[in-house]
A.B. asks: 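My questions will all concern the structure given below.
In what follows, chains are A, B, ... by sequence order, proteins preceding strands, each numbered from 1. Only heavy atoms go into these numbers, but all of them, side chains included; no hydrogens, no water, no symmetry mates. Predicted, not measured: the structure shown is a model, and the values here were computed from it.
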Number of protein chains: 2
Amino acid sequence: MRTASPKAPSESSLDTHLANSGLRVTPQRQRVHEVLREKMDHPTADQVFLRAKNKMPEISMATVYNCLDALVQCGLVRQVTLDRGATRYCPNMQDHSHFYCDACGSVYDILQTISPEEADIKLPRGFRLKNIETNLHGLCPDCAAKAK
Amino acid sequence: MRTASPKAPSESSLDTHLANSGLRVTPQRQRVHEVLREKMDHPTADQVFLRAKNKMPEISMATVYNCLDALVQCGLVRQVTLDRGATRYCPNMQDHSHFYCDACGSVYDILQTISPEEADIKLPRGFRLKNIETNLHGLCPDCAAKAK
DNA sequence: ACCACTATTTAGAATAATTCTAAATCTTGA
DNA sequence: TCAAGATTTAGAATTATTCTAAATAGTGGT
């Protein structure tokens, strides 16, 4: 799993985002956000839990889920669901898409995306479109080579 | 068990698709495919299991997963993962995208999609793009009305 | 500073989703 | 018919996520 030249959101942005959603700044939320920014490899909740524990041994799994939900809610983190496995979390809020290797399951950030305007999606009456999630499926370089 | 009779086009497509992937045609796979075509409401494995049991009470959950995997593998069914909940299954292989209501979780087919050419995605060397999955997120008409 | 109020965290239990296992059954081809 | 291999099955096991109720911590008003 790889990440290309990421711009991680700053910590002060954490404070304002949480505040804007009426949520408090807590050490646990700071730590979870920090973990996500440290290594932007789309970790699962479980992986976040393990990494968070290094500096905060008392943190619990339930809290990790709570924190992730809070961060998603205030717009600092994206949930990434690409297959039947565990949900992954992405702190890169820049527009980008995810490439998922159907063979080995690895995930890559692709700094390109399709904007709602570009796509010009026509929805039936009443639907309110918030954003477009683009997932690219195929083979990563390694698996493409093996498939030959 | 079924007697020899003219096969519906969709059913023969099941046969050829399975055969092309080196998979056998079995009553369970036929039933699961039938269930998906009967009501294309993006059911979860659990829902498929319950529906399949109506006409085939002995079928097991493990078999439903096996069959769904076989159908996905041979290109007759798409997996749809939109949130942290259970994976959904879609037998519509026409190009289309899914609208997911972030408030109530309902899923709608949108007969519009972004082709790889249109999107003109530039991938790093070695990646092989197979298809683009487009998920539209927002509010369905009901939830949009309530949000006012 | 003190108090009450509410948000948040916590451990662990509970539930949900999926995968595994090993035996039974079915299919196919020699 | 037989052997090999594919598929199904029930149930156990595992993994992922949510729930619960009690403890803790942060906030605003006095």
Side-chain angles (χ1 to χ4, degrees), chain A residues 14-15 17-35 42-53 55-74 76-77 79-89 105 107, chain B residues 1-2 4 14-15 17-35 42-53 55-74 76-77 79-89 102 105 107:
Chain A
L14 173 67
D15 294 10
H17 274 82
L18 284 171
N20 287 343
S21 294
L23 296 165
R24 291 183 184 164
V25 179
T26 68
Q28 289 85 351
R29 285 172 181 167
Q30 289 175 324
R31 178 69 186 129
V32 166
H33 194 223
E34 184 181 51
V35 163
H42 310 92
T44 62
D46 198 59
Q47 293 174 310
V48 172
F49 175 54
L50 292 175
R51 294 176 196 176
K53 282 215 285 197
K55 286 194 189 166
M56 191 180 266
E58 301 312 305
I59 199 169
S60 77
M61 192 68 213
T63 298
V64 168
Y65 272 104
N66 289 344
C67 291
L68 289 170
D69 286 345
L71 295 174
V72 168
Q73 198 191 315
C74 74
L76 278 172
V77 167
Q79 267 181 314
V80 183
T81 53
L82 290 163
D83 63 4
R84 226 145 58 175
T87 299
R88 297 159 177 284
Y89 297 86
V107 178
Chain B
M1 200 77 70
R2 204 173 273 196
L14 173 67
D15 293 11
H17 274 83
L18 284 171
N20 287 344
S21 294
L23 295 165
R24 291 181 183 163
V25 179
T26 68
Q28 289 84 352
R29 286 172 181 169
Q30 289 175 322
R31 178 69 186 130
V32 166
H33 194 224
E34 183 181 52
V35 163
H42 312 91
T44 62
D46 197 61
Q47 292 174 309
V48 173
F49 176 54
L50 292 175
R51 295 177 196 175
K53 283 214 286 195
K55 285 193 188 167
M56 190 180 267
E58 343 62 64
I59 199 169
S60 77
M61 193 68 211
T63 299
V64 168
Y65 273 104
N66 289 342
C67 292
L68 289 170
D69 285 345
L71 295 174
V72 168
Q73 198 191 318
C74 76
L76 278 171
V77 166
Q79 267 182 315
V80 183
T81 52
L82 291 163
D83 63 4
R84 228 146 56 174
T87 299
R88 298 158 178 282
Y89 297 87
D102 290 320
V107 179

A.B. asks: Rounding to an integer number of Å, can you tell me how far A:Q47 CD sits from D:dT15 P?
C.D. replies: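 Interatomic distance, CD of A:Q47 to P of D:dT15: 13 Å.
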A.B. asks: Using a cut-off of strictly less than 4.0 Å, decide whether A:T63 has a side-chain nitrogen or oxygen near OP1 or OP2 of C:dT10.
C.D. replies: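 A:T63 to C:dT10 OP1/OP2: side-chain N or O found under 4.0 Å.
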A.B. asks: Can you tell me which nucleotide in C:dT10, C:dC26, C:dT18 comes closest to the side chain of B:R24?
C.D. replies: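 The answer is C:dC26.
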A.B. asks: Between C:dT9, D:dG11, C:dA11, spot the one nearest the side chain of A:A62, thanks.
C.D. replies: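 The listed nucleotide nearest to A:A62's side chain is C:dA11.
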A.B. asks: So does B:D69 pair up with B:R29, basic N to acidic O under 4.0 Å?
C.D. replies: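 So B:D69 does not pair with B:R29 through a salt bridge.
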A.B. asks: Just how far, in rounded Å, is C1' of D:dT8 from CD of B:E58?
C.D. replies: 11 Å
A.B. asks: For a quick test of reading the model: is some side-chain N or O of A:T26 closer than 4.0 Å to OP1 or OP2 of D:dA25?
C.D. replies: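 Result: no.
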A.B. asks: Answer yes or no: is there a side-chain heavy-atom contact under 4.5 Å between A:R88 and A:Q79?
C.D. replies: no
A.B. asks: Which nucleotide wins on minimum distance to the side chain of B:Y65, given the candidates C:dA11, D:dT9, C:dT18?
C.D. replies: C:dT18
A.B. asks: Where the side chain of A:A86 is defined as all heavy atoms beyond and including C-beta, which of C:dT10, D:dT27, D:dT17 is the nearest nucleotide?
C.D. replies: D:dT17
A.B. asks: Name the closest nucleotide to the B:T87 side chain, picking from D:dT17, C:dT18, C:dT9.
C.D. replies: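 Among the listed nucleotides, the one closest to the side chain of B:T87 is C:dT18.
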A.B. asks: Given A:V32, which partner from the list A:T26, A:L68, A:V77, A:N66 fulfils the side chain to side chain contact (heavy atoms under 4.5 Å, CB included) test?
C.D. replies: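 Of all the options given, the one that passes is A:L68.
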A.B. asks: Here's a test of your reading of the structure: between B:G22 and B:M61, which maps to the more 5' nucleotide of DNA chain D?
C.D. replies: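 With B:G22 and B:M61 compared, the 5'-side residue is B:G22.
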A.B. asks: Kindly say whether A:T87 contributes a backbone atom to a donor-acceptor pair with the side chain of A:T81 at under 3.5 angstrom?
C.D. replies: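 It does not hold such a pair.
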A.B. asks: Whole-Å distance between D:dT18 C1' and A:Q79 CD?
C.D. replies: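 Answer to the nearest Å: 14 Å.
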A.B. asks: Compare all side-chain heavy atoms of A:V48 with those of A:R51 and state whether any distance is below 4.5 angstrom.
C.D. replies: no
A.B. asks: Name the closest nucleotide to the A:R29 side chain, picking from D:dA6, D:dT17, C:dT8.
C.D. replies: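 In terms of side-chain proximity for A:R29, the closest of D:dA6, D:dT17, C:dT8 is C:dT8.
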A.B. asks: Can you check the A:Q28 CD to D:dG26 C1' distance for me, whole Å?
C.D. replies: 12 Å
A.B. asks: What integer distance in Å separates A:L23:CG from D:dA25:C1'?
C.D. replies: 16 Å
A.B. asks: Could you check how far CZ of B:F49 sits from P of D:dG11, rounded to whole Å?
C.D. replies: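 In whole Å, D:dG11 P lies 11 Å from B:F49 CZ.
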A.B. asks: Please report, rounded to the nearest Å, how far the C1' atom of D:dA21 is from the CG atom of A:N66.
C.D. replies: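 Rounded to whole Å, this separation is 14 Å.
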A.B. asks: Nearest whole Å is fine: how far is C:dT8 C1' from A:D69 CG?
C.D. replies: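 After rounding, the reported distance stands at 13 Å.
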